[in-house]
Amino acid sequence: MKASELFFPTLKEDPADAEAISHKLMVRAGLVRQLAAGLYIFLPLGQRVMDKICRIIREEMNQIGAQEITMPILHPAEIWQQTGRYDEIGDEMFRLKDRGGREMVLGMTHEEVITWLAAREIRSYRDLPQVWYQIQTKLRDEARPKSGILRTREFVMKDSYSFDKDEEWLEYNYQRHVKAYTRIFHRCGLRFYMVESDPGMMGGATAHEFMAPSGAGEDEVALCKCGYAANLELARSMVYSPNFPEAGREEVATPGVRTIAEVAAFLDVTPDLLIKSLLLITEQGEPVLAMVRGDHELQESKMARVVGSYRPAHPEEMREIAGAEAGFIGPVGLDIRKIADDSLKAGIFVTGANKDGYHIEGVVPGRDFDTGYADIRRVKPGEKCPECEHPLSLERVIEIGNIFKLGTRYSESMGARFLDEDGIERPIIMGSYGIGPARIAAATVEQLSDEKGIVWPAAISPFEAHLVLMQPADKEQAAMAAKLYGLLSAAGIEVLLDDRDIRPGAKFADAELLGCPLRLTIGKRSLAEETVEVQIRRGREEQKFPLGEAADKIAELLETL
RNA sequence: CGGGGUGUGGCUCAGCCUGGUAGAGCGCACGGUUCGGGACCGUGAGGUCGGCGGUUCAAAUCCGCCCACCCCGACCA
């Protein structure tokens, strides 16, 4: 492909509305353009990257026996009503009516459609297992699209769904997906972790996420060198037990002293001797008191698993329910549902007295108040791994893929059943497995770019080599570049020939911005020496190859990039 | 949905406080000199100043409402 014919509008300056590195670079390199919040046009270069990623995904999915299908994106509301998600999901789903007034939705995922299909076509254990997948656009009315291509309202997704007769077969298909995903992300050149994750709205039992470390990520994971890795939403840890003083239970005046830090300083104790009490109101309108140790924070997703969705109480509600304002609330004498973090099972603590300006010292959970216990605290770096007790580290990550054991949640509600070997009718056991190709692209840019621009791994680069022809007007140079282009093309290497009549500096700058793994240069020097200069984009190391050997050498080099 | 910010040629921005009829750099077109790291000189095209309404002799500028986009939070298969 000639650069003079390729549409790739590059920008010298960062776009004003971009924050994330991948967003800035993908716009600057002419890969994408934004149409509206969370809606992107993929330009030719961006399309090439997406095509390559999708091709890798197809190869690896086919490799594990998955079969590609295409499903409608426009769905009748009815199938979503059948699984109950029509009402559960809310504003995130685009809803509309057709001309006949029938309720329709735009698919944000395809469990309903694929289960509808399975319900009709799968009858016997002999029909199982099946793994079907799609690479299609999904639509979600995101509350907050952000970070360029990382979180959009319309996005392509590879989703596969497994159908099995029992848990063992599900586990088998789950593990095959783990293998396929690992290969896919390796081939795309990404650094990633597989972590335990919260099944969330997919409603299954076991789930893992594939996470690419990047500061632009929206999630955090806890990692241990023993291999323990979990999304912070459910990560566990072990915490030390502080030395508790032998204080008797006593109410103390703490006028105007509200925050943990203030109370600890006022009473001259460490924060880990305090109980932080948070008054919450559940979706049903019931008050719940959440308690964590003073040096800990509430992990909201963990709390939500215990009590369902909730919100913090308003100041008036605190007054009404606890009889005190924020900062003086505590569990003693408070007759509402209580959930304390596991770290509060034993000890002697300071708590709010439910009376403005007062705290209580010497409070013993279980003796002075009744409470339920659960792991509801947020893991902090340095806390001990629950598996091996080494210190945990935290890292920010981009979710690039996930795998869920769905079980029978969808097959039950949609009547997807089969007859087993004994002639007994049973629901199909399902799994669901997603990958976001655009996120792979963005995560790669985040992980590998440098101050000059993008650094693509060869496997997903829009072109494998960027051939800079210094002076297109020079017949000899042009002929040499054409020859090299021919040799490389014959060797199956995708080359972008920059034959534009612009200054060399601009060509080099564009080449580095686009980020093809190899930059080749043909100029006066190459003419004199019969060589081609080769720069490896990553690290920008240069070398020269004689023209005759160039194709072989370059092919060889590309294997390593 | 709550909080914050920004909307001015294609892009990045200045001008707004203190109202007087729109600028710069880059990009683009043409001519010339250049040509191995985003050149230089000259000429030129290009703007409903996000929208609507108000105040005023006069609004990019002041006031009100609305819209769009970005960031933080809530939310997130």
Side-chain angles (χ1 to χ4, degrees), chain A residues 9-20 23-24 27-28 30 33-39 80 83 85 88-93 105-114 138-148 150-153 155 157-161 197-204 207 209 216 218-219 231 233 300-301 304 309-312 314 399 401-404 406 409-410 431-436 439 452-453 468-474 477 498 500-513 519 521-528 533 535 540 542:
Chain A
T10 58
L11 263 29
K12 253 188 221 184
E13 290 171 289
D14 285 338
D17 57 7
E19 191 84 4
H23 187 193
K24 290 177 182 171
V27 172
R28 282 190 53 205
R33 284 295 183 266
Q34 182 176 5
L35 173 67
L39 299 174
W80 287 81
T83 61
R85 289 162 110 195
E88 278 170 32
I89 287 175
D91 289 340
E92 208 180 329
M93 185 152 60
V105 309
L106 299 179
M108 42 192 295
T109 176
H110 281 78
E111 279 79 14
E112 276 75 4
V113 177
I114 208 143
K138 316 246 164 175
L139 291 121
R140 289 183 198 172
D141 196 355
E142 283 288 347
R144 180 144 100 85
K146 57 189 270 202
S147 306
L150 274 178
R151 186 166 208 80
T152 53
R153 293 192 289 178
F155 54 96
M157 186 120 198
K158 186 289 298 179
D159 259 319
S160 39
Y161 302 91
S197 76
D198 185 349
M201 103 170 185
M202 297 299 291
E209 287 164 328
E218 301 181 88
D219 290 299
N231 192 310
E233 289 172 355
E300 283 133 31
S301 51
S309 52
Y310 63 86
R311 60 168 173 84
H314 302 309
E399 180 185 349
N402 54 38
I403 53 178
F404 292 93
L406 295 177
R409 147 121 212 229
Y410 297 96
S432 139
Y433 317 85
I435 289 182
R439 283 188 168 191
K452 296 280 186 182
V468 175
L469 168 56
M470 298 300 295
Q471 274 131 13
D474 181 310
Q477 276 184 41
D498 196 342
R500 293 175 299 168
D501 183 23
I502 57 173
R503 315 206 91 224
K507 290 192 186 188
F508 288 139
D510 271 349
E512 274 143 3
L513 181 58
R519 186 186 79 199
T521 308
I522 294 284
K524 273 198 299 249
R525 294 180 204 157
S526 4
L527 233 43
E533 291 160 56
Q535 186 199 66
R540 302 177 68 219
E542 303 226 18

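Reminder, nothing fancy here: chain letters follow the sequence lines and each chain counts from 1.
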Atom-pair distance ([atom1] on [X]; [atom2] on [N]), nearest Å:
X      : N     : atom1 : atom2 : answer
A/E533 : B/G37 : CD    : P     : 11 Å
A/D14  : B/C70 : CG    : P     : 16 Å
A/L11  : B/C11 : CG    : P     : 9 Å
A/E92  : B/C75 : CD    : P     : 12 Å
A/D501 : B/C35 : CG    : P     : 13 Å

From C-beta outward on [X], which listed nucleotide comes closest to its side chain: [options]?
X      : options             : answer
A/R28  : B/C13, B/G38, B/C75 : B/G38
A/P15  : B/G73, B/G36, B/U12 : B/U12
A/A16  : B/G37, B/C13, B/G38 : B/C13
A/R540 : B/G37, B/G36, B/C71 : B/G37

On a plain distance test, is the side chain of [X] in donor-acceptor contact with the base of [N] below 3.5 Å?
X      : N     : answer
A/Q471 : B/G36 : no
A/R519 : B/G37 : yes
A/E13  : B/G27 : no

Do [X] and [Y] have side-chain N/O donor and acceptor atoms under 3.5 Å apart?
X      : Y      : value
A/K146 : A/H23  : no
A/D198 : A/S301 : no
A/S432 : A/E111 : yes

For this session: Determine yes or no for a side-chain-to-main-chain donor-acceptor pair under 3.5 angstrom, with A/K138 supplying the side chain and A/K158 the backbone.
Result: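 Judged by distance alone, no pair lies under 3.5 Å.
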For this session: Give a yes or no on whether the backbone of A/I114 and the side-chain of A/Y410 come within a donor-acceptor separation of less than 3.5 Å.
Result: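 No: the side chain of A/Y410 does not pair with the backbone of A/I114.
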Across all strands, who's sitting opposite [N] as a Watson-Crick or G-U wobble pair, both distances under 3.5 Å?
N     : result
B/A74 : none
B/G47 : none
B/G20 : B/C57
B/G31 : B/C41
B/C26 : B/G10

Using the [atom1] atom in both, what is the distance from [N] to [M], to the nearest Å?
N     : M     : atom1 : result
B/A39 : B/G27 : P     : 7 Å
B/G47 : B/G10 : P     : 8 Å
B/A60 : B/A45 : P     : 23 Å
B/G19 : B/G15 : P     : 16 Å
B/G9  : B/A22 : P     : 15 Å
B/C52 : B/G7  : C1'   : 16 Å
B/G4  : B/A74 : C1'   : 15 Å
B/U34 : B/C40 : P     : 16 Å

Taking salt bridge (charged side-chain N to carboxylate O under 4.0 Å, His left out) as the definition, give me every residue that meets it alongside [X], ordered by chain and number, with sequence neighbours left out.
X      : value
A/E399 : none
A/D141 : A/R153
A/E533 : A/R525

Could you check whether [X] gets within reach of a base, just the sugar-phosphate, or nothing at all, counting any heavy atom under 4.0 Å?
X      : value
A/E218 : nothing
A/E112 : nothing
A/T10  : nothing
A/R525 : base
A/N402 : nothing
A/K146 : sugar-phosphate
A/P9   : nothing

For this session: Could you pull out the closest heavy-atom pair between A/V27 and A/L11, with the gap in Å?
Result: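 Closest pair (atom of A/V27, atom of A/L11, distance): CG1-CD2, 3.8 Å.
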For this session: Looking only at non-hydrogen atoms, find the nearest pair between A/K524 and A/Q477 and report the distance.
Result: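 Distance-wise, the nearest heavy atoms are N-NE2, 3.4 Å.
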Distances under 3.5 Å between nitrogen or oxygen atoms of protein and nucleotides 66-69 of chain B:
residue : atom : partner : partner atom : Å
B/C69   : OP1  : A/A37   : N            : 3.0
B/C69   : O3'  : A/Q34   : NE2          : 3.4

For this session: Side-chain contact test, heavy atoms from C-beta onward, threshold under 4.5 Å: evaluate it for A/M470 versus A/K507 and give yes or no.
Result: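 Of all side-chain heavy-atom pairs linking A/K507 with A/M470, none is under 4.5 Å.
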Exercise. Sequence neighbours excluded, which residues qualify as side-chain hydrogen bond (donor to acceptor under 3.5 Å, both in side chains) partners of A/S197?
Worked result: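 Listed in chain order: nothing, the list is empty.
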Scan nucleotides 39-41 of chain B against the protein and return all N/O pairs shorter than 3.5 Å with their distances rounded to 0.1 Å.
residue : atom : partner : partner atom : Å
B/A39   : OP2  : A/R503  : NH1          : 3.1
B/A39   : O4'  : A/R503  : NH1          : 3.2
B/A39   : N7   : A/R503  : NE           : 3.2

